[in-house]
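Report on the structure given below.
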Amino acid sequence: MFDTGNTAFMLVATSLVMLMTPGLAFFYGGLISRKNVLSIMMQSFVSMGWTTILWVTVGFTMCFGNDIGGIIGGGKYLFLRGITTQTAFPSSAHIPMLVFVAYQMMFAVITPALITGAFASRVRFKAYMIFLTVWLLFVYFPLVHMVWGGGFLFDAGALDFAGGTVVHMNGGLA
């Protein structure tokens, strides 16, 4: 049913994006003073865990659920409801939907980790967690829907194949 080559490629790509987050943690750790290395690295690693929880519960459906006003996705995939190991990705029946969910989740993980470089050693951990949650829910997830999930920017002709708008511009502006 699924193309093993396409699925393997997407799994490798997902793994490589996942490896960028610890790499980013070590990179930022080398740019700041010795006393703040653990803090900046933990911000990147916590981004992996907390973003994964948000993504599985509400993030994926906010990004790729049924369209609500071109801004946000509806509750179609809340808690990944209706997605099984046999569910095919709608745009291409060649890969499992869970592989697409994991691939997109890795971008949701690394984008806030990119932002941590802007406030390295200047933000307390509790403030970072609040920022991470609010930013993902009200900035990142809606923008993903608008550009990649069939929202109004997608309808206006926005093309973003490599994350330039959703990941890099969004992270840079934050």
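The figures here come from the full heavy-atom set of this structure, side chains too, leaving out hydrogens, waters and symmetry mates.
Here the CG atom belonging to L38 is positioned 10.0 Å from the CD atom belonging to Q43, to the nearest 0.5 angstrom. To the nearest 0.5 Å, the span separating SG on C63 from CD1 on I72 amounts to 6.5 Å. Note that OG1 of T21 and CE of M48 are 5.0 Å apart. Values are rounded to the nearest 0.5 Å. Atoms CE and OG1, on M105 and T51 in that order, are 9.5 Å from each other to the nearest 0.5 Å. Atoms CE and OG, from M20 and S44 in turn, are 13.0 Å apart once rounded to the nearest 0.5 Å. Of the inter-residue distances, the one linking T165 atom OG1 with L159 atom CG reads 9.5 Å to the nearest 0.5 angstrom.
Without hydrogens or angle criteria, S47 side chain to P112 main chain gives no donor-acceptor distance under 3.5 Å.
Heavy-atom neighbours of F45 CZ from other residues, nucleotides or ligands within 6.0 Å: above the threshold of 12. Counting heavy atoms of neighbouring residues, nucleotides and ligands inside a 6.0 Å radius, atom CZ of F9 does not exceed 12 of them. The number of heavy-atom neighbours closer than 6.0 Å to CZ of R81, taken from other residues, nucleotides and ligands shown, is above 12.
Between M146 and I71, the shortest heavy-atom distance links the atoms CG-O, 3.8 Å. Closest heavy-atom contact between P90 and M97: CD-SD, 3.6 Å. Between H145 and M62 the shortest heavy-atom distance is CB-O, 3.5 Å. Counting all heavy atoms, side chain and backbone alike, V17 lies closest to M106 at CG1-CB, 3.5 Å.
Taking Y28 as the reference, L24, L31, I40, L114, T116 meet the side chain to side chain contact (heavy atoms under 4.5 Å, CB included) condition, with sequence neighbours excluded. Judged as a ring pair (Phe, Tyr, Trp, His ring centres under 6.0 Å), and not counting sequence neighbours, the contacts of F100 are F64, F89. The side chain to side chain contact (heavy atoms under 4.5 Å, CB included) search around A88 returns M1, F2, A93, not counting sequence neighbours. Taking D3 as the reference, N6, H94 meet the side chain to side chain contact (heavy atoms under 4.5 Å, CB included) condition, with sequence neighbours excluded.
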Could you pull out every donor-acceptor pair under 3.5 Å between side chains of residues 132-139 and any protein atom, sequence neighbours left out?
| residue | atom | partner | partner atom | Å |
| --- | --- | --- | --- | --- |
| T133 | OG1 | W50 | NE1 | 2.7 |
| T133 | OG1 | M129 | O | 2.9 |

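No hydrogens or angles considered: nothing links the side chains of S39 and N36 as a donor-acceptor pair under 3.5 Å. A donor-acceptor pair shorter than 3.5 Å can be found between the side chains of T87 and T84.
The shortest distance between side-chain heavy atoms of L80 and V101 falls below 4.5 Å. Within the 4.5 Å cutoff, the side chain of Y140 has heavy atoms near those of the V166 side chain. Counting only heavy atoms from C-beta outward, the side chains of P22 and M41 never approach each other to under 4.5 Å.
Linking ILVMFWY side-chain heavy atoms closer than 4.5 Å, directly or via other members, places F154 and F152 in two distinct hydrophobic clusters. Linking Ile, Leu, Val, Met, Phe, Trp and Tyr residues whenever their side-chain heavy atoms come within less than 4.5 Å places I83 and V56 in a single cluster. There is no path of hydrophobic side-chain contacts, each under 4.5 Å, that joins M169 to V167.
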- Query: Step by step, would you call T57 with L78 a side chain to side chain contact (heavy atoms under 4.5 Å, CB included)?
  - Reply: CA-CA 6 Å; T57 56; L78 195 62; over 6 Å; no
- Please report the C-alpha distance between L143 and L153 in whole Å, then the side-chain angles of each, then the deciding distance to 0.1 Å, and finally whether the side chain to side chain contact (heavy atoms under 4.5 Å, CB included) criterion is met. CA-CA 9 Å; L143 187 62; L153 291 174; 4.1 Å; yes
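Shown are W148, F60, F107, W55; of these, the ring pair (Phe, Tyr, Trp, His ring centres under 6.0 Å) with F141 is made only by W55.
Chaining together hydrophobic side chains whose heavy atoms lie under 4.5 Å apart places L16 alongside V12.
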